[in-house]
Structure formats: structure tokens, C-alpha cells
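Below is one structure, written out as C-alpha cells; the observations come after it.
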Number of protein chains: 4
Amino acid sequence: MPRSRYPTMPTTSDTTDSTGEDLRRLILDTTRHLLVQEGYQNLSMRKIAREIEYSPTSIYLHFDSKDALLHALIHEGMMQLHDDLEATAQRHPDAPIERLRALCRCFIEFGLSNPEYYEVMFQLRPERMERYPPEKYRAARRNLTFFAEALTQGREAGRLHVEDASVSASTIWASLHGTVSLLLAERLDVQIDRETFITTAIRQTIRGYLPSTQSATS
Amino acid sequence: MPRSRYPTMPTTSDTTDSTGEDLRRLILDTTRHLLVQEGYQNLSMRKIAREIEYSPTSIYLHFDSKDALLHALIHEGMMQLHDDLEATAQRHPDAPIERLRALCRCFIEFGLSNPEYYEVMFQLRPERMERYPPEKYRAARRNLTFFAEALTQGREAGRLHVEDASVSASTIWASLHGTVSLLLAERLDVQIDRETFITTAIRQTIRGYLPSTQSATS
Amino acid sequence: MPRSRYPTMPTTSDTTDSTGEDLRRLILDTTRHLLVQEGYQNLSMRKIAREIEYSPTSIYLHFDSKDALLHALIHEGMMQLHDDLEATAQRHPDAPIERLRALCRCFIEFGLSNPEYYEVMFQLRPERMERYPPEKYRAARRNLTFFAEALTQGREAGRLHVEDASVSASTIWASLHGTVSLLLAERLDVQIDRETFITTAIRQTIRGYLPSTQSATS
Amino acid sequence: MPRSRYPTMPTTSDTTDSTGEDLRRLILDTTRHLLVQEGYQNLSMRKIAREIEYSPTSIYLHFDSKDALLHALIHEGMMQLHDDLEATAQRHPDAPIERLRALCRCFIEFGLSNPEYYEVMFQLRPERMERYPPEKYRAARRNLTFFAEALTQGREAGRLHVEDASVSASTIWASLHGTVSLLLAERLDVQIDRETFITTAIRQTIRGYLPSTQSATS
DNA sequence: AATGAATGAGCATTCATTCAT
DNA sequence: CATGAATGAATGCTCATTCAT
């Protein structure tokens, strides 16, 4: 009986960690694993149950519904992304532009290396997110602040041209999200080299905030 | 008997035919409608049938399979987007930057006002696209050339800084796609005004191609 | 438009052969062909229609139902088997035992070389045969008389030990049918050589009618 | 609520278990019943479910697939046939010819009194048997050895003329199978008395192995 | 003589979930 | 804490057949 064959998350979540929380962890890890392996569309409670060698019913002892399970998973993903971004940010404490570039690269790499995770984190239909718990939502939004902070510091250092850091963080996010999405959906023209595409996307995104000669437009 | 309760496409396709083509249209229109209402994941042949008040079998008289139906829909969407972009391009024959901005706006507006199409057009998982007919694929790709042409002309006029027009067209597309996606998925922070977000996204995207004082590294 | 790509039956049936009978023939030939190629289970009116490039409806102009079509086909098969057996019988006019052996071989070979045909001819469930037209049934039964005649002549020549030629013809038929069935169902042990099996089956079947030293009890 | 209206198998299998095995039995018994009533071709999971007044899903709690269900059924039939043959063989330990005759009679009676089993046991198309588990296949083949052993002992006693006992067991099986098949398919001429037909079939089959005066023919 | 349009019934299988234990 | 038993609803798709034209 394997039961715990996948790398475990270091319990980032707010679990009070009584004894039986182990199964909760096992479910989450297995679900994540299945998600990556078979995709969101093919994820089913039964498969999770089969994989952990418990009955489907047991999952419901720990999660109210499939949605609740997914939400927990999204949250974990957001937390991991947070950790990744944070580590990245700390590597460039005094160079906001470099930091911004690194954050962009970090986001894209997170998406590309966790494709199915990415799908549930950012592409789940709004109705499935309706019941997403507000405090988790707030935590997720915190990821954006890394971008906003870099922008703000860049502006304060006079090196970036930023009007509203919060809005700009969102548009940067949009660009990165579009980049990841097209790559994951394999919609990019085969003639275009992936790495060139990514580099260009990041470069142009950042160029949009560098002071320009023609400041005219709108 | 409702039967035709949704706005109809003005028969963009190559049909000018007999009576029985009406049902084909009805199916396509209804499918589009269901797509925006319930999303691709919840779309089923039976639901379509129920909605048009025909038997599921009847759909198969007009489309070989669910995939074929979706492909037809995607193609229609691509063709309409093409028409929109073309009309937009012609409105600014001699001002590449203005044209580029208008094309961006056009794309975003297309996405926001045809959410039915958008999901299947750009977010369908690669497996479902595998059998997408090559000639339709080629037609779809043509939409990108409007962007590439504007970039090229802007470069030739010395007003845009563009290395590879084809790659850049793709990164612009990525930005726009990300923008539309986040809006449709209702992932944007409620505190941010939609119109501001869109305008900013477009402006920054284009700024990325304006000549800058600081020569952007790599 | 091919329409008549398969070898045609030489109109053994009782058709008055007006002009439109051509389609009837085409349907029969195509059905036979499909049967051999794809098996009885996969035979459908639609497939036949597709193959002959007529509408499914058209088939119903010539055959009342799928059953009627199958019955016509069975009849044709029986007639062909009849021809085969007849030709075989005529080759041994004066040697009843040899003739019997040849008839057995002929039957088995017919079965093995027309597997799917054989299936509908002899293995169709009784309820599908209920409405089989009596005159066709009688014609089919005539095939048995070749065996009965050989038995009778063998008895008259004092070379075969036969009580009731009609019953014995049936038991011989049963043996042959069993032999063909097992071979077609691939139920024979792989260690047993097909040809040896067939030869043995025939030999033993005939030996059952040769005069024995031990007068067989009961 | 009928639920258990058919004769039950006395749990030949290796289950001596809990309560839930009852449904498994009910499914098997009902399936057998439906098989004889409607034939293999018309057997569907839904019909079984309807008949046992459970949901179709419930069947899948006990059998992985339709094939698995059929295989279980075939195996049960083979085991019962085995028991019947074994009991028969033991009744004639020292009289190989009598034993052979009794085994033939036993096989035919098994077929005629278990028509439900018969079709799936011996007439299933090879495709459906492909995945038949090898150990079950081996068990099934063991039934043939009763015939082979009787032949061998008859030969050793100098009372039967047998070349290859294994091949001959198969041809005897073929004869019996043909006999049963024609009877079950109701293909026998109504003028022929069933019992006469069966007796004759068995007698002639065995006569084929008695030493003959004319040993000549190949 | 031929068809286009349409359908009701059916298929094997999977799903998330519930409930009594 | 965990489960076995059970289900209603759903899935894409195929079938033989009918009927008005």
C-alpha cells in the first residue's frame, strides 16, 4: 500500500494539524499529481479515491465537494506562486527593473511548468469560482503586489514611467497570462521559437514602462 | 415553439442554399448561445438539441460530430474577427500606430462582445484542436497578419521599433488575449475600472514598440 | 460514382427483372460484401446506403425491412451453396462414398470461405428467422437432399449402413456445422492443425456409416 | 418487487462472502435468463439493470465491464459443464465406450437445458473472447479432456480406433456442438423427431471410432 | 423511383454525491 | 474515521424506420 507516493506540500495551509489531517494532505497531493498528469477535465473524485486507495466517500470527510477540493488546491498553488515570486523578488532588492523582469520570467515559468495547475488557478470558469472563499481570494491577490511594488520603486527611482501601479500590475499580469495561455493551448505558430516568444513578450512588456522619447500618445 | 430565439449570424459562410440550411444555422447560433451561458465544459449535444427542440439525432444530420460542430463555430468566429479587423484596418490606411491601436481595441471588443466564441476560439485544449482542418487553421492565422502589417509599416515609417514583426504580432496578441481572458473569467480586481484597465493595457502594449531613450537591454 | 463495384450475383432469384431491379441487385451485392468485410453485427442500413451512394430510404423501396433484406441474402447464399453442392455431386455420379466425402468438404469450404455469410445463414437467432418465407425455407432444405441421396445410394450399393437417410443427412449436417462453427469462432485449440482437424472430422463422420464388425449397440 | 425470480446458481464460485455478493449472483442469474430470452445480441447492461430493478451503475459495482460480466458467466457455465461431465465420467469408470456415449449425451443435455449459457459459451465472436482471461480459458479446455481420456482408454483396451485422442476429442466436440446449435437455432426439419436426431447423432459419432471392416479409406 | 428531414429508442460507461452503518 | 452500496443524471453517438414530398 503506497498511499503517499508523491512529494508532499509542506503544509502551507492553515490546518490545525490533528492526526487525521494526513489524509487531507494525501488527497491534496494526489489531486495535484493527477491534475498534472491527466488534466482538469479528466479529474474525478473516483480517480482520486482509487489513487489514494481510500473510498470516494472518504474524500468527502475532508472536503465538502469537488469544488471545495479544487479551491484548496488553487489556494496551495497561489501560495506556491507566492513563494516563488517572493524568492525572486528578494534576489533583486535594489534593482526594480531587473526585479520586474525576473518576476515576469518567474510567473511564466511557473505557468509552463505547472500547466494543469495553471489551468485551474487562472482559467476556471467564473461560476466555479463564485464560492471561492474571500480570504483565499485576498491571499491570491497578494501575488500581484510583487509586481506593483517593483513598479512603484521603479517610479520612485525615476526609472519607470508608471501612472497607477495597481492597474499596471494587472496589465502586466494580463500580458503574462496571455503568453502562458497561448503556449499551453499550443496556439503559437510553430514557426515561432518558444524562447524567443517569451523573451520578446517580457521585453516588450517592460519596455512599455520605460520612459520614452515620444511620450505623446494618450 | 421558440426555435429561433437567438441573434442569427448573417450567413458568413458559403451557404446560400435551400431550406434545410436553416437548421444548421439554428444549431450554430444556439450552440454559441449555450457556450456563453454554460461554458464549453458543460456543452453537450443533448443540451443543444433540447434548446432547439429537435432530437439529438438531428444535429448529426448537419454535423458529423461534436468536434465538427465546434470547428465550424470556431471558423465562423475567426471569419467574423477577420471582418472586424479588416474594417478597422481600412479605417487607418496611412497611420500605422493609430491603426495598431485600433486593431488592439477591435480585438478586445470582439472578445468582450462575443464571449460565446472566445472560449472555443482561443482556449480550447490542444487535443480538441488536433483535428482542426488545416485550411481553417490557415484562415485563422491570417488574423495575425493585420497586426504584423501595421508593425511593419510603422517600422518602415521609422515610427516603431520592431525586430521581428511576426513574433511581435504574436506577443501583442498574447497581451490582448490575456486582457480579454482575465476580464471574461472575472478575475480582475473589482476595484479596477474595466475601461481604465483596457486602455492601459493597450497603451502599454503599444508603448513597448515606440522608440525609447533608454535602449532596452536584451 | 462507382455504384457497382462488387461482383454481381447472376440473378438466381425470381426477379421479373424490370429496369429498376438493378438497384435491388446492387443492394444485395453490396450487403453481401459488407457482411463479409465487417460482420453481421456491424451491418447497418445506413452503411449499405452510404456504400451504394443512395439514401437509406431507397433501400426500403426494395426491401420491407432489414430482416427482409437479410432473408433475401440468406436465400441467395443457400442457392449458391446449392450450386456448389450440385456441381460437387455431379463430379462423382457413381461413387456415393466419394461423393459424400466431397459434399462434406464442399460444405466446410463454403462455410470457411464465406464466414460472415455463414453466420447469417445458419446462426441467426430463431426469432429473426420466424418470418422467413416458407418457400425459401423449402429451397434451403433442398441442400440436405444431396447428402440424403448419397446416403441412399450408398445403402443401395450395400456400401453404407444407413437407417433413415433423412435423419442421417441431418446429423452429418450437424457435424459439419459444428466443425465450421468452431473454426469460425476460433475456439479450436491452437495446438491442433486446422487441416488435420477438418480431415479427421470428415473421415470420422463418414466412418460412422461404414459397415462395422461390432454391430453398434442401440 | 420481484428481484429474484430466476433459479439461482448454487454459488459454484469461490464466494462464501458477505451480504453484497447477493447482488452479484442476482446479476449473473438475471443475465443468464435474459440471454436465453433475447439472445446475446440484444443483451444490454440497461436491460439487466431494469430487470433486477437496480440502476445500471450498480452493475458496475460488481463487474468492471460488460465483457467482464460475460466472462464470469462463461466461466460459470464451463464449471458447471465440468461438474456434469465429471459426474458422468465417474459413473462409468471401466467402460470407455459407455462412458463416451454418456459424455456425449451429457454435453448435449447440458446445451439443451442451459441454452442461456450455450450461446455465450460457444458462439461468441472471437473479438469478444480476445480478452478472456487465460486461466479461465485453460479451465474451459479441461472439459475436452474427459472425452480425450475416454478415447485413450478405449484405444488402450483395443476397443476404439483412435489416432490422435486430442484431435478426435475436438471433432467429437464439433459434432455435439453442431447438434446442439441446430436444435437451439430451431433449424432442424420439423419432420425429424428431436430424440431420434440426438440418438442418431451420438451413435454415428461413436461408430466413427469403432474398428471397421473397411478400414481402407484415408 | 428516390430523397431529405426527422425521430425515439437505444448503447456502454462515467460522474459527484448521499446515506446508513 | 471510514466505508459499501446505491443512484440519477449525464455523455457522444448509432440505429431502423417513417413520412411528406
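In what follows, chains are A, B, ... by sequence order, proteins preceding strands, each numbered from 1.
Nearest nucleotide to the A:S44 side chain, out of E:dA5, E:dT18, E:dC15: E:dC15. With distances taken from any side-chain atom of B:T57 to the nucleotides F:dG4, E:dT13, F:dC15, the minimum falls on F:dC15. For C:K66, the side-chain atoms get nearest to F:dA16 when compared with the rest of F:dA16, E:dC15, F:dC13. Here E:dA5 is the nucleotide among F:dC15, F:dT7, E:dA5 with the atom lying nearest to any side-chain atom of B:L61. Listed nucleotides E:dT13, F:dT11, F:dT7 differ in distance to B:K47; the shortest reach to its side chain belongs to F:dT11. Listed nucleotides: E:dA12, E:dT17, F:dC13. Nearest to the side chain of D:R46: E:dA12. Considering only the side chain of D:R50, E:dC11 comes nearest among F:dA6, E:dC11, F:dT17.
Remark: P of E:dT18 and CZ of A:F63 are 16 Å apart, rounded to the nearest angstrom. As a whole-Å value, the separation of B:Y60 OH from F:dT17 P is 22 Å. Atom CD1 in C:I59 sits about 16 Å away from atom P in E:dA1, given to the nearest Å. Put simply, CD on D:Q41 is 16 Å from C1' on E:dA12, counting in whole angstrom units. In this structure, the CD1 atom of B:I48 is 15 Å from the P atom of E:dT7, given to the nearest Å. Look at CE on A:M45: it is 15 Å from C1' on F:dT3, rounded to the nearest Å. To the nearest angstrom, C1' of F:dA2 lies 15 Å from CD of A:E53. The CG-P distance, from D:N42 to F:dC15, rounds to 15 Å in whole Å.
No side-chain N or O of B:R125 forms a donor-acceptor pair with one of A:Y40 less than 3.5 Å apart. Using modelled atom types and a 3.5 Å distance limit, the side chains of D:Y117 and D:E76 yield a donor-acceptor pair.
Here C:E38 pairs with C:K47 in a salt bridge; the nearest charged N to carboxylate O distance falls below 4.0 Å. Remark: B:R25 does not engage B:D22 in a salt bridge, criterion side-chain N to carboxylate O under 4.0 Å.
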Next item on the list: Let me see the working for B:H75 and B:Y137 under side-chain contact (heavy atoms from CB on, under 4.5 Å), right down to the final yes or no.
Entry: CA-CA 8 Å; B:H75 187 61; B:Y137 177 72; over 6 Å; no
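Among the protein residues, C:L69 comes within range of no part of the nucleic acid, since none of its heavy atoms lies under 4.0 Å from any strand.
Contact between the side-chain N/O atoms of B:S58 and the OP1/OP2 oxygens of E:dT7 is found at a separation under 4.0 Å. The shortest distance between the side-chain N/O atoms of C:S55 and the OP1/OP2 oxygens of E:dT3 is below 4.0 Å. OP1 or OP2 of E:dA2 sits under 4.0 Å from a side-chain N or O of C:H62.
In this entry F:dG4 has E:dC19 as its Watson-Crick or G-U wobble partner, both defining distances falling under 3.5 Å.
Nearest-nucleotide positions on DNA chain F for C:D67 and B:P56 put B:P56 closer to the 5' end.
Counting heavy atoms from C-beta on, the side chains of A:I48 and A:L69 come closer than 4.5 Å.
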